Each structure stands twice: as structure tokens, then as C-alpha cells.
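Keep in mind that the numbers below use all heavy atoms, side chains included, and drop hydrogens, waters and symmetry copies. In this text, all values refer to a predicted model and were calculated from it rather than measured experimentally.
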Amino acid sequence: MSIDLTDEQRAFVDAVADFCRRETGTREQRGDGPHHPDIYRKMADLGWLGVTVPDQYGGAGAGMVDTCLFLEQVGYGQAPVGGFTTSAIVAAAVERSGSEPQKKTVLGGLATGRVYAIAMSEPEAGSDVANLSCRAVLTDDGYVVNGQKTWCSNAHIADAILLVARTAGSPGDHHGLTMLLVPADSPGLRISGIETMGGREVNDLYFTDVVVPADAVVGTVDRGWQQLMAGLNVERLILAALMLGTAQRAFDDALDFIKQRKQFGRPVGSFQALRHRVADLATEIECCRLLVHRVATLADRDPHKVLPRESSMVKLKTTEVARQVALAGMQMMGGYGYATEYDMERHVRATLVSTIYGGTSEIQRDIIGKTYGL
């Protein structure tokens, strides 16, 4: 299918691209970390962080197509607004299942530049979400939470954390999981950073008798698994669109380099080995762009319909291609691709982890296979 954008969408894409060229075009502007609060705030002031937030909560009320267009430009422009992805995922969960006060707080907060995180993984429960053991027990004072979470992106910069905890059953049961909004500064919650190749992005969370009110529950008690599954379209599209932009940037950076770099008396890009590699990578990126747009269009057509096959396909294909492009870009640039003077090593770090978070490539393949009755 072709990608036909409206005049408003084209103007939106151009505006985001222009902002990134002016505000995040250099390493000095972007800073060292994945999230720059000043740049994030500027995007909020422009109304972009609320792209999918309904207008009654201060957003633009657009759909997943517009969100993907925004994220593609964010990825391409290397804009350090890492807090947006988890915040948008949390906001979508609250919009689907939350109470009206929760919607006003979280959706309105996202539109004005707040950051939210989601805590699901545990030391013994990553891909196996049903094995969660962090427990929330209902008392007269509310829910008392004890346990550990890990690999929680953006918890250290978040206002609140969407916690997935066990309120019934035993590890291994999908039933009995509940989503609760926990303020990041809650007494008894310790947030400890995990140093990664990408810097301080993820955290361990330790809950020791953390008390949250009963109205912190998002949706229905013990039905958190079903509520999480309803959000697959949004989560996987967000990650895919971001990596689509990163893949295109890695491709363009490599292409610019091999057009200028000379060996044996001519540009290295003129050699057939590199020309063919460029042709293959360009084709793969275009396939990803069409897939992202198609799945986003399907999601907008029926926001309540879960697309397990399509959402897994778009996450799998785009993150794998992004990684392939970045690694190929580093190879084509030789030692310069490894040097921090250029952005290619940053693209490699960003894309390597993309095939892991949000459900590994192996899990996505398993889900796709199951949709065919296997």
C-alpha cells in the first residue's frame, strides 16, 4: 500500500524534522543521556507529546499514524526524549482502562511533559510475564507492595510508575495480575540504576511495604494480563516507528560517508559490494516503512481490536532491520564507524537493544507462529 499523507501530516513531519535539525543536530545539543528534560519540555510546549492524547485532556487527539510519523522523525533526528516511549505506553493503558481522575493525571501529564514508566519484568520473569511474583496485598490502608522489578526504563525520571503486581494466584498464573499507579517518590520504593551500553536507561526497583491507595488500581483487579494484551498494538508500533527513524538515519549517515570516503582512487561507495549492500538495505527500510504505516492504519481503523500477528510482525521486522542497517553501516565505514566522532556507534547501541525490549525477537516469532495455529 502507498503512504498518502494529508497536508496537515506533511506539515507536522516537516515541523518535527526542522525542530530536530535545529535543537538536536549536534552531540553537544543532545547531551550524553537518552533523555534531555529541556528538549522534552520544548516538545511538550509545541503540543507534540500529546499527539494521541484526546483533546479533553490537553492533547491533539490524533491516532497511531500521526504518532508513528512523530516517532520516526524523533528517531531520525536522534532527539533525546527517551521518556516519551514509556510515557505513551502508560498513557495508552490508562486511557483504555483507567478511571477519569487517572486519565486527567496521566494523559494530561504526558501532554504537558511528564514522564511515566512501566514496571513489569522481574529477575525471574521477563518474557514469561505470568511468572511475576511482586505482590500487592489489599489492607485497610490500601495496597501494600513488596517485591522487586528490573529493567524498568525511565523510572529514575518518572513521576509515577505503572506497576504490574500479583494480587491473587501464584507465579505461573495469568489470572491475578493487577496494574497500579505508584508515585515514584513513594516511601519504601528504592530505584537503583543499571549501567548499560546506552548509559542510565533502566533500573532495578525495590518495593518494601510500599502503600498505595485502593484507587491506584488501573482497570480491574486481577485482570491486568488481559488489559496488558489489549495494549500490544500501541507498544509495538511505538518501538517499531522509533527504530524505523533510527534505521533511516543510520542508512543516510553511512551513505553520506561512503560517497565521500576514497580508497584505491575512488569513492568506496562506487564498488559493487557496497552498492549492492546499500540497495538491499534501502529496500528493507522501505518495506518496514510500509509495514509500520499499514499496522498503524489498521490500529486507527479499530482502536479496540488487538492485532497480535501484525503488531508482532512490525516490531520484529523493523527492529531486526534497524540492527542490520546499523551494523552494516559500521562495517561500511570501517574504523570510523567505531569511532565516537561519528554517530554510527550510537546507532549500533540503540538498535542492538531494540530486538530485546518490548518482547524479544524470539518471542515475536513465537507469537506470529501461534497465530497460524502452530
Side-chain angles (χ1 to χ4, degrees), residues 49-68 70-71 83-112 114-121 129-130 132 136 143 152-154 158-167 174-182 212-241 295-312 314-315 358-359 367:
L49 302 186
V51 59
T52 57
V53 172
D55 53 10
Q56 65 263 40
Y57 304 113
M64 285 308 302
V65 170
D66 290 72
T67 301
C68 288
F70 170 65
L71 283 165
F84 178 78
T85 52
T86 53
S87 301
I89 291 167
V90 171
V94 171
E95 183 179 1
R96 286 190 310 273
S97 306
S99 64
E100 189 60 26
Q102 289 170 342
K103 292 178 183 179
K104 288 180 179 178
T105 298
V106 175
L107 276 70
L110 171 59
T112 57
R114 303 282 186 180
V115 175
Y116 301 95
I118 182 168
M120 195 154 42
S121 294
V129 178
L132 297 182
Y143 283 91
C152 184
S153 300
N154 300 318
D159 287 86
I161 298 161
L162 183 62
L163 170 69
V164 184
R166 183 163 295 285
T167 47
H174 286 111
H175 178 73
L177 301 180
T178 300
M179 298 195 298
L180 303 102
L181 272 175
V182 180
V212 293
D215 62 7
V217 171
V218 177
T220 305
V221 174
D222 296 339
R223 299 280 294 176
W225 171 257
Q226 291 81 359
Q227 293 168 186
L228 287 169
M229 293 303 99
L232 293 181
N233 299 348
V234 172
E235 178 183 10
R236 291 171 185 169
L237 270 168
I238 283 174
L239 300 176
V295 179
T297 300
L298 291 175
D300 283 344
R301 191 174 297 163
D302 186 355
H304 300 292
K305 183 178 181 180
V306 180
L307 305 166
R309 178 185 299 170
E310 292 86 351
S311 64
S312 287
V314 74
K315 201 276 181 180
I367 292 170

Hey, what do you get for CD (Glu235) to OG1 (Thr86), rounding to the nearest 0.5 Å? 10.5 Å
4.5 Å side-chain heavy-atom contact, Val218 and Leu180: no
How many angstroms lie between CZ in Arg96 and CG in Leu228, if you round to the nearest 0.5 Å? 8.0 Å
Quick check for you: to the nearest 0.5 Å, what is the distance between Leu239 atom CG and Ile89 atom CD1? 5.0 Å
Would a distance-only check, ignoring hydrogens and angles, find a side-chain to backbone donor-acceptor pair under 3.5 Å from Thr52 to Gly63? no
Check the side chains of Ser87 and Arg114 for a donor-acceptor pair under 3.5 angstrom, ignoring hydrogens and angles. no
Between atom CG of Asp222 and atom CG of Leu177, what is the distance when rounded to the nearest 0.5 Å? 8.5 Å
Quick one: does any side-chain atom of Lys315 pair with a main-chain N or O of Gly359 as donor and acceptor, under 3.5 Å? yes
Hey, is the main chain of Ala296 close enough, under 3.5 Å, to the side chain of Arg301 for a donor-acceptor pair? no
Phe84 to Leu49 - nearest heavy-atom pair and separation: CE1-O, 3.3 Å
In the structure I gave you, are the side-chain heavy atoms of Val65 and Thr297 within less than 4.5 Å of one another anywhere? yes
Which pair of non-hydrogen atoms, one from Thr178 and one from Thr167, has the smallest distance, and what is that distance? OG1-OG1, 2.5 Å
Hey, are the side chains of Met229 and Val306 touching, using non-hydrogen atoms and a 4.5 Å cut-off? no
Return the OG to CG distance between Ser121 and Leu132, rounded to the nearest 0.5 Å. 8.0 Å
Okay, side chain of Glu95, backbone of Leu107: is any donor-acceptor separation there less than 3.5 Å? no
Distance-only, no hydrogens or angles: does the Arg166 side chain make a donor-acceptor pair with backbone N or O of Ala130 under 3.5 Å? yes
Contact summary for Tyr57 and Ala111, nearest pair of heavy atoms: O-CB, 4.3 Å
Exam field: side chain Ser312 to backbone Arg309, donor-acceptor pair closer than 3.5 Å: no
Keeping the roles fixed (side chain from Glu310, backbone from Asn233), state whether a donor-acceptor pair exists under 3.5 Å. no
Atom CG of Asp300 and atom CG of Asp66: how far apart are they, to the nearest 0.5 Å? 7.5 Å
When every non-hydrogen atom of Ala299 is compared with those of Leu237, the smallest separation belongs to CB-CD1, 4.1 Å
Is there a side-chain contact between Tyr143 and Val221 in this structure, where contact means two heavy atoms from C-beta onward sitting under 4.5 Å apart? yes
Run the side-chain contact (heavy atoms from CB on, under 4.5 Å) test on Leu162 and Leu181 for me, step by step, so that the C-alpha distance in whole Å, both residues' side-chain angles and the decisive distance to 0.1 Å come before the verdict. CA-CA 5 Å; Leu162 183 62; Leu181 272 175; 4.2 Å; yes
Aromatic ring pairing His174/Trp225, orientation class (parallel under 30°, perpendicular over 60°, tilted between): tilted
Expected output: side-chain Gln102 to main-chain Asp215 donor-acceptor under 3.5 Å: yes
Test item: Asn154 side-chain N/O and Ala117 main-chain N/O as donor-acceptor pair under 3.5 Å: no
Taking every heavy atom of Ala92 against every heavy atom of Val234, the minimum-distance pair comes out as CB-CG1, 3.8 Å
